[in-house]
Visitor: 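Next up is a structure, given as structure tokens.
Start at 1 and go down the list; that is how both ligands and their atoms are numbered.
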Amino acid sequence: MRIGRTGYADIPIYAGAHDGRCDVDLSDNTNQWGAPPAASRALAGFDPARAARYPAAYAPALAEALATYAGVTPDMVVTGCGSDQVLDCAFRALAEPGDRVAHADPTFVIVPSFARANGLQPVAVPWHDASSGATGALEVDVDALRAARARITYLCTPNNPTGTPVPREVVERVVREAQGIVIVDEAYAEFADWSAVDLLRESPNLIVTRTLSKAFGLAGLRVGYALGAPEAVREIAKARGPYALSAPSEVAALAALAHDVGWMRERVADAVAMRTRLTSALRDGDAWRVYESAANFVLATPRDATLPDVMAIAAALRDEGIAVRAFAALPGIGGALRITVAPWPVMERLLGVLPGVRGGA
Ligand SMILES: *Cc1c(COP(=O)(O)O)cnc(C)c1O
């Protein structure tokens with residue numbers, strides 16, 4: 001007897017980069033400057049008596065605060081247990097079983113799994129590679145995405161795991177030419193120089209997903225959201241169901257949006273400065289290709305054939321207490337390390353043990 005639903009046997013269970021035991025975790029693009037101060041105080045002051053009661057079913061106060069933050073109306077916001085849940089619910093609510101989900105490849109690893117888990121068919125569309133020398137550059141193949149005739153087109157900008165910023169004109173074209181829904185994943189929006197939120201007004205087929213896990217430093221609280229036309233957002237809310245956000249998460253997220261936006265912007269500026277510095281240091285030795293990134297991480301791939309395999313490099317970094325995300329073979333890219341940017345002393349520690357870096361191992 002088959003226990004699972006048809007197709008589930010082939011879905012990989014998400015495996016984290018490591019078991020959590022490391023001094024420095026540069027593997028998952030969290031905020032390396034920590035959690036925001038007002039949200040931390042709100043958590044510390046959370047009334048434990050509230051634990052006995054249910055939170056509000058759809059966290060309306062938070063939806064309102066997020067609407068103000070993003071510049072939309074509250075009926076255009078649905079929250080969820082991380083943007084992971086919001087993406088999963090959007091797939092379930094907006095497509096029929098058997099429909100296609102087209103996405104640039106490589107992209108957020110969980111996307112093809114969520115598609116399959118909802119009976120949808122992922123269609124991977126390779127990036128066009130415009131890299132040269134130590135600089136990696138990728139472009140969306142808009143014609144191939146459109147040719148997939150997908151019910152849902154998923155585009156992540158800045159893209160995880162490459163960091164690639166997709167230009168506004170390209171996203172506009174994808175939204176305009178797509179036959180169905182376009183989901184733009186803006187988990188790293190705060191690090192980028194533009195947002196697709198402006199396009200929502202004239203694009204009823206567009207959904208933008210966001211999170212407080214990255215720039216806002218609240219990954220442990222699991223707060224994500226989607227922005228879109230009220231009719232679309234309401235369907236996603238049905239797939240999500242009530243009580244997805246815990247009361248402490250809502251309280252801390254409200255405090256962050258009320259008082260920590262300035263803190264967040266300063267940490268974003270820090271991350272961008274460290275990204276620039278890390279990128280130069282890695283390219284400098286000529287042994288690594290570093291992809292153009294508009295996020296709080298970089299993707300680096302060995303150019304020098306004498307470097308060890310990336311999995312071996314990642315294991316050696318682990319021995320020094322540093323976790324990074326290693327990919328054995330990304331399509332069109334090959335073996336690569338994704339490194340979250342952190343304060344410079346941490347970056348120096350990494351560069352000290354990374355082979356092929358001037359002054360490093
Ligand atoms: C981290 C990440 C998310 C998930 O964020 P959560 O809100 O923590 O679930 C979504 N999309 C991309 C591209 C990410 O990198």
Visitor: Should you measure from each heavy atom of T211, which atoms of ligand 1 turn up under 4.0 Å away?
Guide: 5 (O), 6 (P), 7 (O), 8 (O)

Visitor: Cut-off 3.5 Å, side chains only: do R267 and N296 have a donor facing an acceptor?
Guide: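 No donor-acceptor contact under 3.5 Å links the two side chains.
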
Visitor: Can you report which non-hydrogen protein atom sits closest to atom 15 (O) of ligand 1, along with the distance?
Guide: Y188 OH, 2.6 Å

Visitor: If only side-chain N and O atoms count, and only distance matters, is there a donor-acceptor pair under 3.5 Å linking T30 with Q32?
Guide: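 Note: Q32 and T30 side chains meet the donor-acceptor criterion.
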
Visitor: Under 4.0 Å, counting heavy atoms only: does D185 come that close to any atom of ligand 1?
Guide: yes

Visitor: Report, in ascending order of atom number, the atoms of ligand 1 lying under 4.0 Å from any heavy atom of G82.
Guide: 6 (P), 7 (O), 9 (O)

Visitor: When you check the gap from the basic side-chain N to the acidic O, do E231 and K238 get nearer than 4.0 Å?
Guide: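 Judged by the 4.0 Å cut-off on N to carboxylate O distance, E231 and K238 do not form a salt bridge.
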
Visitor: Counting only N and O atoms by type, is there a donor-acceptor contact under 3.5 Å from the side chain of S27 to the main-chain atoms of V324?
Guide: no

Visitor: Looking only at heavy atoms of C156, does any of them come nearer than 4.0 Å to an atom of ligand 1?
Guide: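 Flag set, C156 near ligand 1.
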
Visitor: How far is atom 5 (O) of ligand 1 from the closest protein heavy atom, and which atom is that?
Guide: S83 OG, 3.2 Å

Visitor: Does R222 reach ligand 1, in the sense of a heavy atom lying below 4.0 Å from it?
Guide: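 A heavy atom of R222 does come that close to ligand 1.
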
Visitor: Suppose I only count heavy atoms of S213 and a 4.0 Å limit; which atoms of ligand 1 are within that range?
Guide: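 Within the 4.0 Å cut-off of S213, ligand 1 contributes 6 (P), 7 (O), 8 (O).
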
Visitor: Can you sort out which atoms of ligand 1 are near N160, meaning under 4.0 Å from one of its heavy atoms?
Guide: 13 (C), 14 (C), 15 (O)

Visitor: Would S246 and S249 count as having a side-chain donor-acceptor pair, cut-off 3.5 Å?
Guide: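 Checked: S246/S249 side chains pair up, N/O donor to acceptor below 3.5 Å.
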
Visitor: Show your working on side chain to side chain contact (heavy atoms under 4.5 Å, CB included) between W344 and R277 and close with a plain yes or no.
Guide: CA-CA 9 Å; W344 193 245; R277 230 170 134 179; 3.1 Å; yes

